[in-house]
Enquirer: 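A single structure is presented below for examination.
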Amino acid sequence: MPDDILEINLGEILGAIEAPSTQQLTLYIPNKDKVGREIKHLHTWIKEAQKVLTIIGKGSTTMPPADGTWLKKDIDSMKELKDEDILWEKTTIIYTYIDPDRFEKNLKSLREFLHKFGRETNQGEVVFEFAGEFFRICKYDLK
């Protein structure tokens with residue numbers, strides 16, 4: 001083991017009451033639908049996403065909208081790409097570090113939110129990230 005690795009119980013030293021959370025769940029909420037129309041009542045969708053993540057991780061953090069892009073067509077080379085093939089949007093990023101029991105207990109609510117958001121805001125796909133893996137939902141549950 002290298003000499004420069006410090007082995008301490010940081011949680012204990014700083015007075016943390018629980019073991020550290022290691023699995024992050026991140027939702028991406030764009031401000032446009034798949035054809036570029038602004039999403040109505042975007043704040044309501046963001047607030048709902050925050051609620052779902054707060055119940056899963058006992059809190060959530062929302063980042064200011066970031067510049068995002070979405071490829072409208074299945075194009076795989078710069079030679080084929082045209083400006084109109086890219087949807088430029090603002091994406092709100094919301095994340096939490098999960099509590100495993102609360103996460104498992106609330107998976108149904110998470111699924112309902114993601115599918116409802118995709119269906120009701122006309123998304124080409126809804127994406128989320130969990131524990132370093134990126135997932136895409138392209139077909140949504142019926143109401």
Enquirer: Can I get a per-line list of side-chain donor-acceptor pairs under 3.5 Å for residues 79-88, giving both atom names and the distance, sequence neighbours left out?
Expert:
unit_1: E80; atom_1: OE2; unit_2: S77; atom_2: OG; d: 3.2
unit_1: D85; atom_1: OD2; unit_2: K82; atom_2: N; d: 2.9

Enquirer: Do M63 and F128 belong together in a cluster built from hydrophobic side chains that touch within less than 4.5 Å?
Expert: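 In one cluster with M63: F128, no.
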Enquirer: Going hydrophobic residue to hydrophobic residue with side-chain gaps under 4.5 angstrom, can you get from L14 over to L6?
Expert: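 Yes, same cluster.
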Enquirer: Could you list the residues that satisfy salt bridge (Lys or Arg N to Asp or Glu O under 4.0 Å) with E125, not counting sequence neighbours?
Expert: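 Applying salt bridge (Lys or Arg N to Asp or Glu O under 4.0 Å) to E125 gives R136.
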Enquirer: Any side-chain heavy-atom pair from V126 and F113 closer than 4.5 angstrom?
Expert: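 They are not in side-chain contact.
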Enquirer: Can you name the residues that form a salt bridge (Lys or Arg N to Asp or Glu O under 4.0 Å) with D76, not counting sequence neighbours?
Expert: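 Expected list: none.
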Enquirer: So, using salt bridge (Lys or Arg N to Asp or Glu O under 4.0 Å) as the criterion, who are the partners of R119 when residues are at least two apart?
Expert: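 R119: no salt bridge (Lys or Arg N to Asp or Glu O under 4.0 Å) contacts found.
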Enquirer: Mind checking side-chain contact (heavy atoms from CB on, under 4.5 Å) for Y28 and listing every partner two or more places apart, or none if nothing turns up?
Expert: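 Per chain and number, Y28 pairs via side-chain contact (heavy atoms from CB on, under 4.5 Å) with T26, T91, I93, V127, E129, F134.
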Enquirer: Rounded to the nearest 0.5 Å, how far apart are CD of Q23 and CD1 of I56?
Expert: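 Spacing of CD (Q23) from CD1 (I56) equals 12.0 Å.
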Enquirer: Can you check whether K32's main-chain N or O pairs, donor with acceptor, with Q123's side chain at less than 3.5 Å?
Expert: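 Side chain of Q123 to backbone of K32, a donor-acceptor pair under 3.5 Å: yes, one is there.
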Enquirer: Please, which pairs that meet side chain to side chain donor-acceptor pair (under 3.5 Å) have at least one residue in residues 41-51, sequence neighbours excluded?
Expert: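 Output for this query lists Q50-T62.
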Enquirer: With I94 as reference, evaluate L25, T61, L53 under the side chain to side chain contact (heavy atoms under 4.5 Å, CB included) test and give the passing residue.
Expert: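 Exactly one option meets the side chain to side chain contact (heavy atoms under 4.5 Å, CB included) with I94, and it is L53.
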Enquirer: Give the intermediate values and the outcome of side chain to side chain contact (heavy atoms under 4.5 Å, CB included) for residues L114 and L27.
Expert: CA-CA 9 Å; L114 294 171; L27 306 184; 3.9 Å; yes
Enquirer: Give me the atom names and distance for the closest heavy-atom approach of G57 to T96.
Expert: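 Heavy atoms of G57 and T96 come nearest at CA-OG1, 3.3 Å.
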Enquirer: Going by the rule salt bridge (Lys or Arg N to Asp or Glu O under 4.0 Å), which residues pair with K116 if we only count those two or more places apart in sequence or in a different chain?
Expert: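 Partners of K116 by the salt bridge (Lys or Arg N to Asp or Glu O under 4.0 Å) criterion come out as none, since no residue qualifies.
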Enquirer: Do Y97 and V52 sit in one hydrophobic cluster, given that two such residues count as connected whenever their side-chain heavy atoms are within less than 4.5 Å of each other, even indirectly?
Expert: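 No, separate clusters.
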Enquirer: Which residues pass the side-chain hydrogen bond (donor to acceptor under 3.5 Å, both in side chains) test with T69, sequence neighbours left out?
Expert: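 Applying side-chain hydrogen bond (donor to acceptor under 3.5 Å, both in side chains) to T69 gives none.
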Enquirer: Test: salt bridge (Lys or Arg N to Asp or Glu O under 4.0 Å). Region: residues 33-44. Which pairs qualify, not counting sequence neighbours?
Expert: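 Applying salt bridge (Lys or Arg N to Asp or Glu O under 4.0 Å) to every pair that reaches into residues 33-44, excluding sequence neighbours, yields D33-R37.
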Enquirer: Rounded to the nearest 0.5 Å, how far does NZ of K139 lie from CD1 of I137?
Expert: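 I137 CD1 to K139 NZ: 13.5 Å, rounded to 0.5 Å.
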Enquirer: Considering all heavy atoms of both residues, which atom of I39 and which atom of P30 are nearest to each other, and what is their separation?
Expert: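 Between these two residues, the closest heavy atoms are CD1-O, 3.2 Å.
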Enquirer: How would you list, by chain and number, every residue that makes a ring pair (Phe, Tyr, Trp, His ring centres under 6.0 Å) with Y140, sequence neighbours excluded?
Expert: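 With sequence neighbours excluded, Y140 shows a ring pair (Phe, Tyr, Trp, His ring centres under 6.0 Å) to no residue whatsoever.
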Enquirer: If you count heavy atoms of other groups shown closer than 6.0 angstrom to CG of N9, is the number above 12?
Expert: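 It does: N9 CG has more than 12 such atoms within range.
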Enquirer: Got a sec, which residues hit ring pair (Phe, Tyr, Trp, His ring centres under 6.0 Å) with Y95, two or more places apart in sequence or on another chain?
Expert: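 For Y95 there are no ring pair (Phe, Tyr, Trp, His ring centres under 6.0 Å) partners, ignoring immediate neighbours.
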Enquirer: Output side-chain donor-acceptor pairs under 3.5 Å for residues 100-110, partner residues at least two apart or in another chain, one line each.
Expert:
unit_1: R102; atom_1: NE; unit_2: I55; atom_2: O; d: 2.9
unit_1: R102; atom_1: NH2; unit_2: I55; atom_2: O; d: 3.2
unit_1: N106; atom_1: ND2; unit_2: R102; atom_2: O; d: 2.8

